[in-house]
Amino acid sequence: MLLKLRPLVEQINALEPEMKQLADGDFPELTQSFQQRVQAATAELRDEIRALEDEIDREQDDDRRTRLQYQLRELKQHRDDRERQVLDE
């Protein structure tokens, strides 16, 4: 398990010099910037997810509901992947 985390730890450690140059007051602004980028990049997907969730709630046919739930899982995975892409930029 620890060996799997090593690359992530190395990436985090590589950011240390850059982060040390920031003032404490810079972090809330940096956080807000990340949040805005993620929100903008995933807005359409989040809208699609909400619409699909509403459709699932209204659907009475079990087979159709199951297919919609599968689509919902795929959409959420796509949203999560997109968030990771934005944060890796």
- Query: In Å and rounded to the nearest 0.5 Å, what is the NE2 to OG1 distance from His78 to Thr42?
  - Reply: 10.0 Å
- Cluster overlap Ile49 with Val86, hydrophobic side-chain contacts below 4.5 Å: no
- Query: Do the side chain of Asp26 and the main chain of Ala23 share a donor and acceptor less than 3.5 angstrom apart?
  - Reply: yes
- Query: Mind checking what makes side chain to side chain donor-acceptor pair (under 3.5 Å) contact with Asp88, not counting sequence neighbours?
  - Reply: none
- Item | Arg50 and Asp47: CA distance, side-chain angles, deciding distance, salt bridge (charged side-chain N to carboxylate O under 4.0 Å, His left out) verdict | CA-CA 5 Å; Arg50 275 192 293 275; Asp47 289 344; 2.6 Å; yes
- Query: Looking at NZ of Lys76 and CG of Leu45, how far apart are the two atoms once the value is rounded to the nearest 0.5 Å?
  - Reply: 12.5 Å
- Message: Going by the rule side chain to side chain donor-acceptor pair (under 3.5 Å), which residues pair with Glu59 if we only count those two or more places apart in sequence or in a different chain?
- Response: none
- Query: To the nearest 0.5 Å, how far apart are CG in Leu22 and CG in Leu30?
  - Reply: 6.5 Å
- Item | Side-chain ion pair, Glu83 and Arg46, N-O less than 4.0 Å | no
- Can you name the residues that form a side chain to side chain donor-acceptor pair (under 3.5 Å) with Gln77, not counting sequence neighbours? Asp81
- Co-members of the apolar cluster containing Leu8 [side chain, <4.5 Å]: Ile12
- Under the side chain to side chain donor-acceptor pair (under 3.5 Å) test, residues paired with Gln85 that sit two or more places apart: Arg82
- Task: Verify the neighbour count for atom CZ of Arg6: are there more than 12 heavy atoms of other residues, nucleotides or ligands below 6.0 Å?
- Result: no
- Message: Are Val38 and Phe27 linked, directly or through intermediate hydrophobic residues, by side-chain heavy-atom contacts shorter than 4.5 Å (ILVMFWY only)?
- Response: yes
- List for me each residue that meets salt bridge (Lys or Arg N to Asp or Glu O under 4.0 Å) alongside Glu74, sequence neighbours excluded, and say none if there are none. none
- Task: Find the distance between OG1 (Thr31) and CD (Gln36) and round it off to the nearest 0.5 Å.
- Result: 11.0 Å
- Neighbour count >12 (heavy atoms, 6.0 Å) for atom CD, Glu29: no
- Task: Check whether any side-chain N or O of Arg64 sits under 3.5 Å from a backbone N or O of Gln60 as a donor-acceptor pair, and report yes or no.
- Result: no
- Would you check if Arg79 and Leu75 make a side-chain contact, meaning some heavy-atom pair closer than 4.5 Å? no
- Message: If I take atom CG from residue Asp57 and atom CG from residue Leu68, how far apart are they, to the nearest 0.5 angstrom?
- Response: 10.5 Å
